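Structure first, then comments.
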Number of protein chains: 2
Amino acid sequence: MRIGELSSRTGISVRMLRYYEERGLLAPQRAASGYRCYDEADVDRAALVSSLIRSGLTTKLIIPLLPDGPAPAEAAEAAEAAEAGDGGRRPDPELTDLFTAELARLEAKIACMTLSRDAVRRHLARLAVPAGGA
Amino acid sequence: MRIGELSSRTGISVRMLRYYEERGLLAPQRAASGYRCYDEADVDRAALVSSLIRSGLTTKLIIPLLPDGPAPAEAAEAAEAAEAGDGGRRPDPELTDLFTAELARLEAKIACMTLSRDAVRRHLARLAVPAGGA
DNA sequence: CGTGTAAGGAATTCTGACACG
DNA sequence: CGTGTAAGGAATTCTGACACG
């Protein structure tokens, strides 16, 4: 499918879909016309990326998070860079720290919002059944 | 306690504590000197307000959410306004809608961040135990 | 950094019409 | 009838840039 369809199916703006590609998060085929061609797997992948971005993750952190690894173009670059140093997959302690910090940030935020959600829920329940209160 | 102590105990800036008061979310006593005097209950109340604000709720929405109702000063104003109309507690359908929308927003955001948190957790686990992967 | 927008051009698709065998 | 084609407009997409918080 082309970018417009992916956009309406995912609710992600065309602008952002292009941005994801620029950052190596998505790598659609190209038609002879130059138009991007996305497949079904890209629908899920784009939705996941969007969710991660809305959660506050940066694209740099998202790349290694994606299930099938970085998008082809980026994978090639990464492989090149890796060959320059060693050939294997070393965890990169700096990145690990970033993920650890991110996890803590997400957990704190979720806790905060869960508390708020419960407060709003309780209030709505109170409004609906004004039995016990003053 | 005075504002500095409350601030360090809650991690909320002095600026924000004064703001909460300005918006009717907190109503500390005043010493003869004019200094604000908070009691123990204000520690929890301030923390709750802070959590709600960090979750994106507006102060207008937070006021009716607080367990003991609006802070004294605001309560007086509200009572006045209520007397002008009727004497009872009517739910105010508009506000109810706002809360319903807020609940939906919070639930969506929590779902989004929970998904992201899980992705980060999985990734960290993968980094720690690179047994099964490629 | 993530996102919107205005700009100008290129490729695509649409419809209704005409032509052909 | 099924099919190709030229015509004109509308919708879509492309890239690179600027703006914003």
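Keep in mind that the numbers below use all heavy atoms, side chains included, and drop hydrogens, waters and symmetry copies. This structure is a prediction, so every number in the text was calculated from the model and none was measured. The chains referred to below are lettered A, B, ... by the order of the sequence lines, with proteins before strands, and numbering in each begins at 1.
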Legend entry - Proximity to the side chain of Tyr19(A) - top-ranked nucleotide from dT13(D), dG2(C), dT15(D): dG2(C)

Legend entry - Closest nucleotide among dG4(C), dT12(C), dT15(D) to the Arg15(A) side chain: dG4(C)

Inset, instruction - Just do the side-chain contact (heavy atoms from CB on, under 4.5 Å) check on Val120(B) and Leu57(A) with the steps written out, would you? - result: CA-CA 10 Å; Val120(B) 173; Leu57(A) 285 261; 4.2 Å; yes

Legend entry - Stepwise side-chain contact (heavy atoms from CB on, under 4.5 Å) check, Tyr35(A) with Ile3(A): CA-CA 8 Å; Tyr35(A) 285 13; Ile3(A) 200 167; over 6 Å; no

Inset, instruction - Looking only at side-chain atoms of Thr58(A), point me to the closest of dT3(C), dT12(C), dC1(C). - result: dC1(C)

Legend entry - d(CD1, Ile53(A); P, dC1(C)) in whole Å: 11 Å

Inset, instruction - Return no unless some side-chain N or O of Arg18(A) is found under 4.0 Å from OP1 or OP2 of dT3(C). - result: no

Legend entry - Minimum-distance nucleotide to Arg30(A) side chain [options: dT13(C), dG2(C), dT15(D)]: dT15(D)

Inset, instruction - Whole angstrom is fine here: how far is it from CD in Glu21(A) over to P in dC14(D)? - result: 8 Å

Legend entry - N/O donor-acceptor pair under 3.5 Å between Arg126(B) side chain and Leu65(A) backbone: no

Inset, instruction - Write down the distance between CD (Glu22(A)) and P (dC14(D)), rounded to a whole number of angstrom. - result: 14 Å

Inset, instruction - To the nearest Å, give me how far apart CD1 (Ile62(A)) and P (dC1(C)) are. - result: 12 Å

Legend entry - Comparing Ala32(A) and Arg54(A) on DNA chain C - which has the more 5′ nearest nucleotide: Arg54(A)

Legend entry - Spacing between Tyr38(A) atom OH and dT13(D) atom P, to the nearest angstrom: 10 Å

Legend entry - Dot-bracket notation for DNA chain D, counting Watson-Crick and G-U pairs under 3.5 Å, with | for partners on another strand: |||||.||.|.|.||.|||||

Legend entry - Value rounded to 0.5 Å, distance of CD in Glu40(A) from CZ in Arg45(A): 15.0 Å

Inset, instruction - Can you tell me the distance, in whole Å, between the CE atom of Met1(A) and the P atom of dT12(C)? - result: 18 Å

Legend entry - Check: Ala47(B) main-chain N/O paired with Ser51(B) side-chain donor or acceptor under 3.5 Å: no

Inset, instruction - Please say whether more than 12 non-hydrogen atoms of neighbouring residues, nucleotides or ligands are located less than 6.0 Å from CZ in Arg2(B). - result: no

Legend entry - Nearest-nucleotide pick for Ser33(A), side chain only, options being dT12(C), dT15(D), dT3(C): dT12(C)

Legend entry - Met16(B) side chain reached by Ser50(B) side chain, heavy atoms, under 4.5 Å: no

Inset, instruction - Ignoring hydrogens and angles, answer whether the base of dT12(D) and the side-chain atoms of Tyr35(A) contain a donor-acceptor pair closer than 3.5 Å. - result: yes

Inset, instruction - Please state whether the phosphate of dG4(C), meaning OP1 or OP2, lies under 4.0 angstrom from any side-chain nitrogen or oxygen of Ser13(A). - result: yes

Inset, instruction - Indicate yes or no: at least one non-hydrogen side-chain atom of Met113(A) is less than 4.5 angstrom from one of Arg54(B). - result: no

Inset, instruction - Starting at atom CE of Met16(A), determine the distance to atom C1' of dT5(C), rounded to an integer number of angstrom. - result: 14 Å

Legend entry - Minimum-distance nucleotide to Arg36(A) side chain [options: dT15(D), dT3(C), dT13(D)]: dT15(D)

Legend entry - Whole-Å distance separating the CG atom of Leu25(A) from the P atom of dT3(C): 11 Å

